[in-house]
Amino acid sequence: MTIDGGQPENPLVPGNTNEVYGGDILDALFAKLMRYDPDTAEPEEHIAESIETDDDQTFTITIRDDWSFHDGTDLEARHFVDAWNYSAYGPNGFVNNYWFEDIEGYEDLNPEDEDAEPETDEMSGLELIDDHTFEVTLDEPFADWPFQLGYTVYSPLPDSFYDDPEAFGSEPVGNGPYEFSSWTDNEEITVDRWDDFPGDEPGQVESIQWRMYDNQDTAYQDLISGNLDIMTRLTPAALAGDVYQDDLEDRYIDQESGLTYSATITTEADGYDDPTFRQALSMAVDRDELAEQIFNDGQEAADGWATGAAVGYQDDACGEYCTYDPDRANELLDEAEDGGFEVPEEVDFYFNDDAEHREWVEAVVTNWNQVFEGRLEANAVPVPTFGEFRENINNREYDGILRTGWQMDYPHLENFLSPLFVTGAASNDGDYSNEEFDELVAEAKQSSDEDEANELYQEAERVLAEDMPTIPIFAGRTISGYSDRMDNMEVNPFGVPVYERLTVQ
């Protein structure tokens, strides 16, 4: 079966992939200690036979003894320990390095002086007990730490990875329901069913091919003509006027998901470093109108930085600042100027033009130009491909506003906060930093009381409303379409097809 996709930003290595195109494929190739129930997103043990702790700081993990990699290597506890150490080792430069910062000894692999060579390449908080047991000690108690062990970065790596990491990224060897088959840059990636998969839900279809499209309208035309089996997220043009319902009849799924659309602001750049100005921009966006006109209510107006699919979600976290109010937006602009802020003459909103973003980005820009007419000029600035866009973001080549999105890694409010807004986090594209926010998140992680922890996370989210480092735009729905070849089609709360359950006629 075929599914729409795009060129991954990096080679297919779990510790160095934090975007959707690569992450979706890795989820088919790798099984983790935990998995998230495809129906509820609740975490459940997968490769882990047990995860035990007495103090929420030291965790003893025992894995199953019947698992192997696609190359036949028996899976052992050391394959997790070695992979985590390699991903956390600063000189390797992995984008997901920060996921291991809670483990004792992480700082030894990542000296404050970036030019300094670490004195060790192993975290002291990882200890092998035997072939199927290892112990993880965190710097501080973190009761919800096991919650995240179903995320891609915690995948094990086989011995062959270390022989040639670069080659591995082009032809990865995993341990999931599907094994790697082929990759043609900017064209396709194909995986085949692994018949020896020991998990409870092995793959059903013989192979899955992700086809890379420069234009999503082309993907949609392939879908309705039967040349594409699954389109994960339908285009705004298809959603408008319920076109997709006429084209696909009942071959679509519409459900809440852990996906957000946002506008991230480079908070340290001149012209964008005033929170009142950023609040003004947010209040000048008519989210309800955009959701209705562009997505035919296929997306929901965001009222915060998370979605209802996350544990700890709170209504109206953004407060008044996610409400469309042109008069108040101009008052905020006045307040910023009265405080000595110089409003930029031009505001640039950058986006990748190889996915379904142009229409809504241009609509946001139109809102700004209408609300602030004569006071600033907003521009939608397309970047040809996602790969180029992400490379430029990582190299900090933009000053202004960035089209961003977040597909939750695991269903908890913490995952919508820490990776995106904690100082120095790898996905903190706008370089936001707030000491109060960081302290609230840190305190929440240490709390063993779930209600108390969630209250602290929610308080941290409300700090974002005062600073507005990212403007929430849409949240929470995935509408996927599929061809008449599909016999069973399911989408999980992450907005991704449940690969192992897909079947074709």
Side-chain angles (χ1 to χ4, degrees), residues 36 40-43 56 98-99 101-102 138 140-148 150-151 256-265 267 275-276 278-279 282-283 285 287 299-323 404-425 427-430 432-477 493-494:
Y36 302 109
T40 66
E42 286 295 316
D56 294 331
Y98 74 97
W99 279 92
E101 64 185 5
D102 293 314
L138 308 181
E140 298 174 326
F142 183 4
D144 288 328
W145 181 77
F147 210 106
Q148 62 194 31
Y151 178 47
E256 185 179 57
S257 71
L259 182 69
T260 63
Y261 292 68
S262 53
T264 291
I265 304 172
T267 57
T276 305
R278 301 193 293 261
Q279 291 167 345
S282 182
M283 295 195 73
V285 178
R287 295 162 178 79
Q299 294 296 333
E300 297 178 354
D303 66 353
W305 286 265
T307 79
V311 173
Y313 168 77
Q314 62 178 325
D315 289 322
D316 201 27
C318 191
E320 67 168 322
Y321 300 119
C322 283
T323 302
T404 46
W406 188 250
Q407 177 181 297
M408 65 181 181
D409 304 309
Y410 54 93
H412 199 288
L413 175 58
E414 187 270 336
N415 185 238
F416 288 86
L417 303 180
S418 296
L420 297 169
F421 302 110
V422 165
T423 301
S427 296
N428 187 343
D429 292 333
Y432 172 67
S433 181
N434 181 299
E435 185 176 349
E436 179 186 4
F437 176 88
D438 292 350
E439 289 176 352
L440 285 167
V441 169
E443 187 178 352
K445 285 184 173 182
Q446 294 177 40
S447 175
S448 58
D449 184 301
E450 182 177 354
D451 291 337
E452 179 185 55
N454 287 338
E455 287 177 6
L456 289 165
Y457 286 128
Q458 291 169 356
E459 187 176 347
E461 187 181 16
R462 290 191 291 272
V463 170
L464 298 180
E466 298 303 315
D467 286 347
M468 201 59 63
T470 292
I471 299 173
I473 307 292
F474 304 118
R477 301 213 68 77
F494 297 82

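If you read the sequence from its start, that first residue is 1, and numbering goes on from there.
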Chemist: When rounded to the nearest 0.5 angstrom, what is the spacing between CG in D102 and CH2 in W99?
Modeler: 10.0 Å
Chemist: Check whether any side-chain N or O of Q446 sits under 3.5 Å from a backbone N or O of P141 as a donor-acceptor pair, and report yes or no.
Modeler: no
Chemist: Roughly how far apart are L413 CG and D144 CG, rounded to 0.5 Å?
Modeler: 11.0 Å
Chemist: Indicate yes or no for a side-chain donor-acceptor contact from W406 to the backbone of N415 under 3.5 Å, with no hydrogens or angles considered.
Modeler: yes
Chemist: For T470, is there any backbone N or O sitting under 3.5 Å from a side-chain donor or acceptor partner on T264?
Modeler: no
Chemist: Do the side chains of M408 and F416 get nearer than 4.5 Å, heavy atoms only?
Modeler: yes
Chemist: Hydrogens and angles aside, do Q299 and R287 bring a side-chain donor and acceptor to less than 3.5 Å of each other?
Modeler: no
Chemist: Work out which heavy atom in I471 is nearest to a heavy atom in S282; give both atom names and the distance.
Modeler: CG2-OG, 3.7 Å
Chemist: Atom CG in L420, atom OG in S262: separation rounded to 0.5 Å?
Modeler: 7.5 Å
Chemist: Given side chain to side chain contact (heavy atoms under 4.5 Å, CB included), test Y321 with M468 step by step and report yes or no.
Modeler: CA-CA 9 Å; Y321 300 119; M468 201 59 63; 3.4 Å; yes
Chemist: After noting the C-alpha distance and the side-chain angles of Y98 and S427, does the key distance pass the side chain to side chain contact (heavy atoms under 4.5 Å, CB included) rule?
Modeler: CA-CA 10 Å; Y98 74 97; S427 296; 4.1 Å; yes
Chemist: Identify the two heavy atoms, one from A302 and one from C322, that lie closest to each other, and give their separation to 0.1 Å.
Modeler: O-CB, 3.7 Å
Chemist: Between atom CD of Q458 and atom CG of L440, what is the distance when rounded to the nearest 0.5 Å?
Modeler: 11.5 Å
Chemist: Relative to the ring of H412, is the ring of Y457 parallel (under 30°), tilted (30 to 60°) or perpendicular (over 60°)?
Modeler: perpendicular
Chemist: Sequence neighbours excluded, which residues qualify as salt bridge (charged side-chain N to carboxylate O under 4.0 Å, His left out) partners of E101?
Modeler: none
Chemist: Report yes or no: does Q279 contribute a side-chain atom to a donor-acceptor pair with the main-chain N or O of A465 at less than 3.5 Å?
Modeler: yes
Chemist: Which value, rounded to the nearest 0.5 Å, describes the distance between T40 atom OG1 and E42 atom CD?
Modeler: 5.0 Å
Chemist: Could you tell me whether a side-chain N or O of D449 sits under 3.5 Å from a main-chain N or O of D451, the two making a donor and an acceptor?
Modeler: yes
Chemist: So does D467 get a backbone contact from the side chain of R278, meaning a donor-acceptor N/O pair under 3.5 Å?
Modeler: yes
Chemist: If only atom types and distance count, is the side chain of T307 paired as donor or acceptor with the main-chain N or O of L259 below 3.5 Å?
Modeler: no
Chemist: Just jot down the salt bridge (charged side-chain N to carboxylate O under 4.0 Å, His left out) partners of D303, sequence neighbours excluded, or say none.
Modeler: none
Chemist: Is there a side chain to side chain contact (heavy atoms under 4.5 Å, CB included) between L464 and F437? Walk through the geometry before answering.
Modeler: CA-CA 8 Å; L464 298 180; F437 176 88; 3.8 Å; yes
Chemist: Can you confirm whether the side chains of T423 and D438 place a donor and an acceptor under 3.5 Å from each other?
Modeler: yes
Chemist: To the nearest 0.5 angstrom, please state how far the CH2 atom of W305 sits from the CD atom of E461.
Modeler: 6.5 Å
Chemist: Considering residues at least two apart in sequence or located in another chain, which fulfil the ring pair (Phe, Tyr, Trp, His ring centres under 6.0 Å) criterion with F494?
Modeler: Y36
Chemist: Is it the case that atom CD in E450 sees more than 12 heavy atoms from other parts of the structure closer than 6.0 Å?
Modeler: no
